[in-house]
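The structure appears right after this line, and notes come after that.
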Amino acid sequence: MASFSSRVLALCARVPSGRVTTYGAIASALKSKAFRAVGQALNSNTYDFVSGDCTVPCHRVVCSDGSLGGFAYGVKRKIALLEKEGVHVRNGKVVDFHKKLYRF
DNA sequence: TATTTGACCAAGA
DNA sequence: ATCTTGGCCAAAT
């Protein structure tokens with residue numbers, strides 16, 4: 001059994017492009033309520049930033065209210081990536097967040 | 001082993 | 001609408 005953080009990363013990788021998910025959704029999918037631990041796992045997982053090619057798309061993970069929450073490389077970077085995938089961000093919040101929310 | 005911290009969440013003031 | 005409080009869990013110190 002992989003560690004909690006590994007499972008979190010695995011679920012992130014499952015989120016398709018143009019979609020977003022929430023920390024809560026991930027935790028719930030893991031049968032856990034460790035919303036906070038999810039964020040920590042992602043923060044530790046410094047993924048490769050090579051010309052937009054990322055091993056784990058952590059930028060698709062946002063807060064339950066649609067706000068971006070945080071990002072290890074800066075929220076600005078996160079927004080840029082989301083926009084590139086078709087997820088528009090307005091004033092720090094995901095547009096049509098509930099529509100693009102991915103469910104496992 | 002114990003305490004603190006954190007990319008959170010929901011509810012109340 | 002913003003701010004505070006309490007609760008939750010895992011990883012770091």
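The chains referred to below are lettered A, B, ... by the order of the sequence lines, with proteins before strands, and numbering in each begins at 1.
Atom NZ of A:K93 and atom P of B:dC8 are 12 Å apart (whole Å). Between A:F97 atom CZ and B:dC8 atom P there is a gap of 13 Å when expressed in whole angstrom units. The separation between A:I26 atom CD1 and B:dA7 atom P is 15 Å, rounded to whole Å. Distance A:I79 CD1 to B:dA7 P: 17 Å, rounded to the nearest Å.
To the nearest 0.5 Å, atom CG of residue A:L11 and atom CG of residue A:L30 are 5.0 Å apart. Note that the NE2 atom of A:H98 and the OG1 atom of A:T22 stand 9.0 Å from one another [nearest 0.5 Å]. Distance CD1/A:I26 to CZ/A:R7: 12.5 Å, rounded to 0.5 Å. A:F35 contributes atom CZ, which lies 7.5 Å from atom OG of A:S28 (distance to the nearest 0.5 angstrom).
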* To do: Dump the intermediate steps for side chain to side chain contact (heavy atoms under 4.5 Å, CB included) on A:L68 and A:H59, then the final yes or no.
  => CA-CA 8 Å; A:L68 297 183; A:H59 57 271; over 6 Å; no
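Of the possible donor and acceptor atoms, none in the side chain of A:S67 sits under 3.5 Å from a partner among the backbone N and O of A:C63.
In this structure the side chain of A:H88 never reaches within 4.5 angstrom of the side chain of A:L82, judged on heavy atoms.
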Which protein N or O atoms sit under 3.5 Å from an N or O of nucleotides 1-3 of chain B?
none

Give me the distances for all protein-to-nucleotides 10-13 of chain B N/O pairs that come in under 3.5 Å?
from	atom 1	to	atom 2	distance (Å)
B:dA10	OP2	A:S64	OG	3.2

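There is no path of hydrophobic side-chain contacts, each under 4.5 Å, that joins A:Y23 to A:V75.
Ring planes of A:F104 and A:Y102: perpendicular class, angle over 60° (limits at 30 and 60°).
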* Structure fact -> Nucleotide by nucleotide, nucleotides 8-13 of chain C touches protein heavy atoms under 4.0 Å in the pattern (B base, S sugar-phosphate only, - none) BBBS--
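A salt bridge between A:R19 and A:E85 is absent, with no side-chain N of the basic residue lying under 4.0 Å from a carboxylate O of the acidic one.
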